[in-house]
Amino acid sequence: MNTITKLSVDPSAVPDTNDLDGWVVVDGSPTMRTWALHKNADGSMLSGMWEATPGTYHATYSAYEFVHMISGRIVITPDGGTPVTVQAGDAFVVEADFKGTWEIQEAVRKHFDFKL
């Protein structure tokens, strides 16, 4: 097994276009595409690429996620909390107990690492 895996989207790969579990559209008509690019040996982590078009989702997380934004801008607001704006070049984490909105203001592309 390789101990280093370079992640890239194969141009012929077909993304999953279903909304993520726990994500509900609350404004606009956003769409998302997800490419699962790598799962670690014990199956506990998933790495991939995610894209979404403008609109707002209410998201409920059940696991930790690390994100590196490649393009776009999102205002993420925890239920009852303070909005946080993230954009191209930013890196951030979302804890497993997160519930709140993702207002996608500009089309987004991000790398993610998700604890399964």
Side-chain angles (χ1 to χ4, degrees):
M1 176 192 309
N2 290 334
T3 57
I4 296 180
T5 301
K6 187 174 180 180
L7 302 179
S8 62
V9 175
D10 176 344
S12 66
V14 177
D16 181 346
T17 57
N18 294 308
D19 288 346
L20 298 172
D21 289 341
W23 288 60
V24 177
V25 174
V26 295
D27 189 40
S29 299
T31 61
M32 61 174 71
R33 301 188 311 165
T34 306
W35 291 267
L37 301 177
H38 179 75
K39 191 180 280 188
N40 69 338
D42 70 7
S44 65
M45 293 291 295
L46 176 68
S47 299
M49 180 83 68
W50 183 82
E51 294 179 343
T53 60
T56 304
Y57 289 94
H58 186 273
T60 299
Y61 273 65
S62 59
Y64 172 96
E65 180 185 30
F66 168 82
V67 173
H68 177 247
M69 293 277 292
I70 299 166
S71 61
R73 185 175 63 236
I74 309 168
V75 176
I76 302 173
T77 306
D79 288 348
T82 303
V84 175
T85 299
V86 293
Q87 57 194 359
D90 288 343
F92 61 96
V93 297
V94 181
E95 296 293 343
D97 61 351
F98 176 85
K99 291 180 183 174
T101 57
W102 282 51
E103 179 190 350
I104 301 157
Q105 296 181 332
E106 294 176 6
V108 169
R109 178 174 251 212
K110 69 175 188 171
H111 280 123
F112 67 86
D113 292 307
F114 192 80
K115 185 171 177 12
L116 299 172

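Values below: every heavy atom of this structure, side chains too, minus hydrogens, waters and symmetry copies. Since we're looking at a predicted model, the values are computed, not measured.
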Review point. Do the side chains of Val86 and Val108 join up, straight or via other hydrophobic residues, at under 4.5 Å, putting them in one cluster?
Key: yes
Practice item. Test Ile76 against Phe98 for side-chain contact (heavy atoms from CB on, under 4.5 Å), laying out the working first. Key: CA-CA 10 Å; Ile76 302 173; Phe98 176 85; 3.6 Å; yes
**Study point:** Heavy-atom closest pair, residues Ser8 and Leu37
**Key:** O-CD2, 3.7 Å
Point to revise | Cluster link Leu20 to Leu116, ILVMFWY, side chain under 4.5 Å | key: yes
Study note, to complete from the structure: One should read off an interatomic distance between Arg73 CZ and Gln87 CD, to the nearest 0.5 angstrom, of 6.5 Å
Review point. Are Val9 and Ile70 connected in a single hydrophobic cluster, I mean Ile/Leu/Val/Met/Phe/Trp/Tyr linked by side-chain heavy atoms less than 4.5 Å apart?
Key: yes
Point to revise | For the student: nearest non-hydrogen atoms of Asp79 and Gly100, plus distance | key: OD1-CA, 3.2 Å
Point to revise | Pairs involving residues 12-37, ordered by first then second residue, that meet salt bridge (Lys or Arg N to Asp or Glu O under 4.0 Å) (sequence neighbours left out) | key: Arg33-Glu51
Point to revise | Side-chain touch Glu103/Thr101, heavy atoms, less than 4.5 angstrom | key: no
Review point. Out of curiosity, does Val24 fall in the hydrophobic cluster containing Trp102 (side-chain heavy atoms, cut-off under 4.5 Å, transitive links)?
Key: no
Exercise for review: Please name the pair of heavy atoms, one in Ser71 and one in Ala88, separated by the smallest distance, quoted to 0.1 Å.
Suggested key: CA-CB, 3.8 Å
Revision key, fill the gap. Nearest heavy-atom contact between Ile104 and Glu106 is CG2-O, 3.4 Å
Exercise for review: Measure from the side-chain N and O atoms of Thr53 to the backbone N and O of Thr31, and report whether any donor-acceptor pair falls under 3.5 Å.
Suggested key: yes
Review point. For the ring pair (Phe, Tyr, Trp, His ring centres under 6.0 Å) test, which of Trp35, Phe114, Phe112, Trp23 pairs with Trp50?
Key: Trp23
Check your understanding: Should Ile74 and Lys110 be marked as a side-chain contact (heavy atoms from CB on, under 4.5 Å) after you check the CA-CA gap, both sets of side-chain angles, and the distance that decides it?
Key -> CA-CA 11 Å; Ile74 309 168; Lys110 69 175 188 171; 5.8 Å; no
Practice item. Tell me, with the steps shown, if Phe92 and Val84 meet side-chain contact (heavy atoms from CB on, under 4.5 Å). Key: CA-CA 10 Å; Phe92 61 96; Val84 175; over 6 Å; no
If you look only at distance, which donor and acceptor atoms sit under 3.5 Å apart when one is on a side chain in residues 42-49 and the other is two or more places apart or in another chain?
{"from": "Asp42", "atom 1": "OD1", "to": "Asn40", "atom 2": "ND2", "distance (Å)": "3.0"}
{"from": "Asp42", "atom 1": "OD1", "to": "Ser44", "atom 2": "N", "distance (Å)": "2.9"}
{"from": "Asp42", "atom 1": "OD1", "to": "Ser44", "atom 2": "OG", "distance (Å)": "2.6"}
{"from": "Ser44", "atom 1": "OG", "to": "Asn40", "atom 2": "ND2", "distance (Å)": "3.2"}
{"from": "Ser47", "atom 1": "OG", "to": "Asp113", "atom 2": "OD1", "distance (Å)": "2.3"}

